[in-house]
Every structure is written in structure tokens, then in C-alpha cells.
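Quick notes on the structure that follows.
Excluded from the calculations below are hydrogen atoms, water molecules and symmetry mates; all remaining heavy atoms, backbone and side chain alike, are included. A note on names: the letters A, B, ... follow the listed sequences, proteins ahead of strands, and every chain is numbered from 1. All values reported here derive from a predicted model rather than from experimental measurement.
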2 protein chains.
Amino acid sequence: MDNRKAIMESALNLFYQKGYDAVGVQEIVECAGVTKPTLYHYFGSKRGLLETLIQVHYEELEKNIRCAAECEENLPGKLYRVARVFFDDNSSNIRVYMLLLALFYSGRKNEGFQVVAPFVQRICRMFIRIFENAADELGNMHGRQKQFAISFIGVLDYHLMMLINDYGDAEEISVPDEQVRGVVQQFMYGIYS
Amino acid sequence: MDNRKAIMESALNLFYQKGYDAVGVQEIVECAGVTKPTLYHYFGSKRGLLETLIQVHYEELEKNIRCAAECEENLPGKLYRVARVFFDDNSSNIRVYMLLLALFYSGRKNEGFQVVAPFVQRICRMFIRIFENAADELGNMHGRQKQFAISFIGVLDYHLMMLINDYGDAEEISVPDEQVRGVVQQFMYGIYS
DNA sequence: GTGTTATTATACCAATCGGTATAGAGACTG
DNA sequence: CAGTCTCTATACCGATTGGTATAATAACAC
């Protein structure tokens, strides 16, 4: 019962630190203090482990994003709240999201990519909808909703990546509000703002 | 003599499609039509192969970016030229850059990350310098050069990734000028422009 | 107490991993 | 011709890969 969670926790940490393909099943179970049959009993395969890992954590991530996106504020306020979801480290949120990204970049023929791609697309669609729902604020977007969404996600992702890089191996990553607001503001009004 | 290039070409394709860790040395040499000792003669190790692969291609990428960044235009013009370097598929440029990114996201304890991190940092510094050199256009940036640079790179990367994803397995990826200009313009003047 | 089910460890599998020892082949130098 | 140097193939190395067959353990219902 508890072994299941231990395996998932170990796997998340190892995948996040070394990459999905660079981590062996043996290493995961050792880190979790169990043996291989236990892992294969719960998850069936290494891929199955990754799938449930992503799925379970993604639910919460999506919920958080959706919640932030449905708040009663103007677009900048919404984007700020969404950004905060990404920069707020709920200990596992960041690791999951970075794993998602890493696998998304890992090449289309990679097993991890195939697992992760649909989830990334769902995130993209959520962001596109944010801009569509702000049509009254933005006016005619001339079909550029997707461009807006991709740009915004890209900005968030890269800032996140750089933060993780700067912080080194530190566990906690805290991003001050003003910095998040600065990023959103620049996105909204350009770099002259 | 030619075997060396064949190995590098095969490795680049395989790493790009399946990820560094998911590709075995055996697969590389088979794809190149040689045997393992040939690879180890030229590159010493799998890591050595990756290092020379990145190094050789990076030189050209950096040259192209630097060239675009030194043109005699205003900032939007410069950014447009730089963006074009990224979106112009010189058959190998995109593959190399995406490999660079994939490894950068792959986790700090990953072998590939350690190889690639210094190159990504060099790219970042180049972008930061672009904004610093535009101080006369931008005025006092209040130390936000790095934020500008990271945001811009993030926007480019994610657009690139999405393009590759939309195009599927197609070899050639052509991005119309207007789209590139749209992205740069949004970055410069915000989404109301 | 017996049967059933879920969970776990021991021990194993073929296949592949990155890497190499040895030696042959070819080109060039003396 | 002998010697040397670069390059490459055969065949191999120990270690690890993802995965499993078997059986023991424990908890449960009856």
C-alpha cells in the first residue's frame, strides 16, 4: 500500500534528476526500498509507472491552472495567477512539470514523449482558451490566440528552467511576486512598459 | 575519413529522434554502416561523440546568431534576424538546437545535460548582450536584460517545438516571414499591438 | 481451520549496455 | 622489401537493461 507511493516518489525524483531513459528499474526500487516484482505488480511496466506518475500529478496541476484561469480578474491578473501556479513549488509540482517538459523535448520516437505529448497538448489548449475567453479585453485577435498561448508558455517554461538552474540543487525555489508580475507585464505590454 | 562524418550524422539523427540515453552505440554504428571500434577510434566514448557533435555544430549556430545580432538595424530588426536563424532549417541547425534543448531539460545529473549546459549558457549570454547593446533604444532597463533575454529565448524555443510537433515527421520546416515578424512584434510591443 | 486474494522476495531470463583486446588491411615512408 | 601508422572488423568483456516464474507471506472471508 505504502510501497506504491514510495515507488512513485522515488521514480519522480530520479526521472527528474537524471531523465527517464537514464534511470533503470533496479535503481528505482532500490531507492524506494522494495524489489522489482513489487513495482511490476503495481504498474505493469516502466512505461506504466511513468503513465500513472504523470496522470496522477497532472490532475492536480490542471486543476490548479484551471482554477487560476477562472478567477474573476482581468487578463493580466489571470495570467499572473496562472504563472504563480507554475512558480509555486508544492514540492512536487515543479518536478512533475519539468519532467513533462523534458520528455516533450526528448524526441518524438521516444517512449516518454509518446506518454507525455497528450498532456502537454491539453495544457496548450487550456492556455489557448484563456486568451479566447479574454476576447472582450483583447478585441479581434485575428486568430493569434495560439501564438499568444505558445509565447506565454514558452516564457514561463524558460524562466522556470533558468530558475532551477540558478538555484542549483536547492530543494525550495521561491520566486518573488514582483518578478512574476514583471514577466506577465512584459508579456502583456511589451518590453517598453 | 568519411566514416567519421557518417557516424556524426547518424548520431545526430538518432539522438534528435529518440533522445541521447535511449540510443545505443550499436544502433549508431549500424545506422552509419560501420562497427563499434571505428566509433571509439574517432570519439573515444559515447559522451565524446556527443561533445564533438555539439561543439562542431554549435560553432556555426553561434556564428549565425552573432552575425544576425551585429547587423545595423534597430532592435526589432535584430530580433527578427536572430529569430530567422532559429526558424531557418539548414537541415541540421534545427536538429542540433533541439538536441541542445532536450539535453538541457533532461536533468542536472544527466550526462547529456553536463555536456550541453555550458553551450546553452553561452547562448543566453549572447541574447543578454543583444539587449544590453540596445540600451540607447530601450533606455534604462533596470537590470531586466536577463529577463528580456530569457523571455525571448523561451518564446522562440516553444514556437520551434510546436512547429516541429505540428509538422510531424516532415523533414523541411518552413516558417513564413510574417509569422516570425508577428512573434517578434508581440514580444516587443505586447499583445495589443 | 480452509480457501482465496493481494502483496512481496529470491532467483532467474535473454538482450542490450558501453567499451575493448587482438589482429588484419591499407597507405605511406624508409 | 621492411617498418610504421591509421583505420576497421571479429569477437569478446562484465555489468546492466526491462521483465518474469516461482513461491512464500500475510490478510481476509467463510
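- A:T38 has a side-chain polar atom (N or O) that falls below the 4.0 Å cut-off from OP1 or OP2 of C:dA9.
- Around CD of A:E178, the count of heavy atoms belonging to other residues, nucleotides or ligands within 6.0 Å does not exceed 12.
- Dashed line: the shortest gap from a side-chain N or O of B:Y40 to OP1 or OP2 of D:dT8 is not under 4.0 Å.
- Remark: P of C:dC17 and NZ of A:K18 are 18 Å apart, rounded to the nearest angstrom.
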Name every donor-acceptor pair, under 3.5 Å, that has one atom in a side chain of residues 66-78 of chain B and the other anywhere in the protein, sequence neighbours excluded.
residue : atom : partner : partner atom : Å
B:E73   : OE2  : B:R81   : NE           : 2.6
B:E73   : OE2  : B:R81   : NH2          : 3.0
B:N74   : OD1  : B:G77   : N            : 3.1

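- Atom OH of B:Y20 and atom P of C:dC17 are 13 Å apart (whole Å).
- A cation-pi geometry, defined here as NZ or CZ lying under 6.0 Å from the six-membered ring centre and within 45° of its normal, does not hold between B:K63 and B:Y58.
- Ionic pairing of A:R47 and A:E51 is present here: one or more N-O contacts between side-chain nitrogen and carboxylate oxygen are shorter than 4.0 angstrom.
- Every residue two or more places apart in sequence or in another chain was checked for a salt bridge (charged side-chain N to carboxylate O under 4.0 Å, His left out) with A:R125, and none qualifies.
- The shortest distance between the side-chain N/O atoms of B:N3 and the OP1/OP2 oxygens of D:dC7 is not below 4.0 Å.
- The OH atom of B:Y42 sits 13 Å away from the C1' atom of D:dC5 (whole-angstrom rounding).
- In this entry the distance linking CG of B:L14 with P of C:dG18 reads 12 Å, nearest Å.
- DNA chain D is contacted by A:V25, A:Q26, A:K36, A:P37 of residues 25-37 of chain A, taking any non-hydrogen atom closer than 4.0 Å.
- For the pair A:H41 and C:dT7, the criterion of a side-chain N or O lying under 4.0 Å from OP1 or OP2 is met.
- Remark: C1' of D:dA27 and CG of A:D2 are 17 Å apart, rounded to the nearest angstrom.
- If you measure from atom CZ of B:F43 to atom C1' of D:dT6, you get 15 Å, rounded to the nearest angstrom.
- Nearer the 5' end of DNA chain D, as judged by each residue's closest nucleotide, is the contact made by A:A22, out of A:G44 and A:A22.
- Computed from coordinates, the A:D21 CG to D:dT16 P distance equals 18 Å when rounded to whole Å.
- In this structure, B:K46 places its NZ atom 13 Å from C1' of D:dT17, rounding to the nearest Å.
- With no hydrogens or angles considered, no side-chain donor-acceptor pair links B:Y105 and A:D157 at under 3.5 Å.
- Placement of B:Y42 and B:Y20 within a single hydrophobic cluster is found when ILVMFWY residues are connected by side-chain heavy-atom separations under 4.5 Å, directly or transitively.
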